[in-house]
Amino acid sequence: AQTVTQSQPEMSVQEAETVTLSCTYDTSESDYYLFWYKQPPSRQMILVIRQEAYKQQNATENRFSVNFQKAAKSFSLKISDSQLGDAAMYFCAYRRASNYQLIWGAGTKLIIKP
Amino acid sequence: DSGVTQTPKHLITATGQRVTLRCSPRSGDLSVYWYQQSLDQGLQFLIQYYNGEERAKGNILERFSAQQFPDLHSELNLSSLELGDSALYFCASSGLDRAGRETQYFGPGTRLLVL
């Protein structure tokens, strides 16, 4: 069975600094997708960034980028120039290419210090 | 705003009762997913429907059931409620994003409190 592990329950970073959130996963599949979702206090689940396993190039979305290490089954999220609005729970999620069920990590609470 | 709507936003009920959560997917999306977010279990997939038919089942209890109607809205029915069913229930629908990639869009959730 596939599992997703986020080992950092909470992280804090100074505003304007860079922070990296960790995620590891376990799968025997070769074709899959990985996601980072943000859940602010409003509880809305917002997609931040996604990575297709067949792509070697790391995905980037403005201040958000990932470090995807397929062999190590690692998928970390880097947030550059942290802003107060980045404060939220961040969830790493996995899905197989053959179905659409998302498997979730436990989440990391990100605190931004002004 | 994701385009996915869920009603009600909040629900308070008692143990043993039955409730129905409603979800309307984004216009044009045929798939609907239900997820449960609880303090004990975290986020977990419950069930998926595609164009009215059940497509996949996850960790959904037998006391829970769902359906998708011809107009594509979906309902999640929770019966014989227990304290442990208190959670945030998300609905998501999937469609293609601007880059042509299948993406799940989440509704705002229904917060259920069982007393």
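First the proteins, then the strands, lettered A, B, ... as listed; each starts at 1.
Under the 4.5 Å side-chain contact rule for hydrophobic residues, A:F35 and B:Y33 share a cluster. Transitive grouping of hydrophobic side chains (ILVMFWY, heavy atoms separated by less than 4.5 Å) brings A:F64 and A:F75 into a common cluster. Side-chain heavy atoms closer than 4.5 Å link hydrophobic residues (I, L, V, M, F, W, Y) into clusters, and following such links, even through other members, never connects B:Y50 to B:L76. Both A:L47 and A:F91 belong to a common hydrophobic cluster when Ile, Leu, Val, Met, Phe, Trp and Tyr are linked at side-chain heavy-atom distances under 4.5 angstrom. B:L21 and B:L113 fall into different hydrophobic clusters, where Ile, Leu, Val, Met, Phe, Trp and Tyr residues are linked whenever their side-chain heavy atoms come under 4.5 Å apart, directly or through other members.
Taking a 6.0 Å sphere around NZ of A:K73, one finds it holds more than 12 heavy atoms contributed by other residues, nucleotides or ligands. By the 6.0 Å contact criterion, CG on B:D71 is enclosed, its count of non-hydrogen atoms from other residues, nucleotides or ligands being greater than 12. Counting heavy-atom neighbours within 6.0 Å of A:Q56 CD, excluding the residue itself, gives a total of 12 or less. Crowding of B:L39 atom CG: a count of heavy atoms from other residues, nucleotides or ligands under 6.0 Å not exceeding 12.
For chain A, the nearby part of B:R111 is the side chain; its heavy atoms alone come within less than 4.5 Å. With a 4.5 Å cut-off on non-hydrogen atoms, B:L88 touches chain A through its side chain but not through its backbone. Contact annotation for B:Y35: only side-chain heavy atoms (C-beta onward) come within less than 4.5 Å of a heavy atom of chain A. Both the backbone and the side chain of B:T103 come within contact range of chain A, each with at least one heavy atom under 4.5 Å from a heavy atom of that chain. Contacts between B:E102 and chain A at a heavy-atom distance below 4.5 Å involve backbone atoms as well as side-chain atoms.
A distance of 4.0 Å separates CZ in B:F90 from CE in A:M45, rounded to the nearest 0.5 Å. The distance from atom CD of B:Q104 to atom OH of A:Y37, rounded to the nearest 0.5 Å, is 5.5 Å. Between the CG atom in B:D1 and the CD atom in A:Q44 there is a gap of 7.5 Å [rounded to 0.5 Å].
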Self-check item: A:R50 and B:D97: CA distance, side-chain angles, deciding distance, side-chain contact (heavy atoms from CB on, under 4.5 Å) verdict
Solution: CA-CA 12 Å; A:R50 61 186 289 159; B:D97 65 10; 4.2 Å; yes
Quiz item: Given the rule in the side-chain contact (heavy atoms from CB on, under 4.5 Å) test, do A:Q39 and B:F106 qualify, once you have shown the distances and angles that lead to the verdict?
Solution: CA-CA 11 Å; A:Q39 188 179 39; B:F106 283 77; over 6 Å; no
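Within residues 93-113 of chain A, the residues having any heavy atom closer than 4.5 Å to a heavy atom of chain B are A:R95, A:Y100, A:Q101, A:L102, A:W104, listed by residue number. Scanning residues 14-26 of chain A against chain B with a 4.5 Å non-hydrogen threshold yields no residues.
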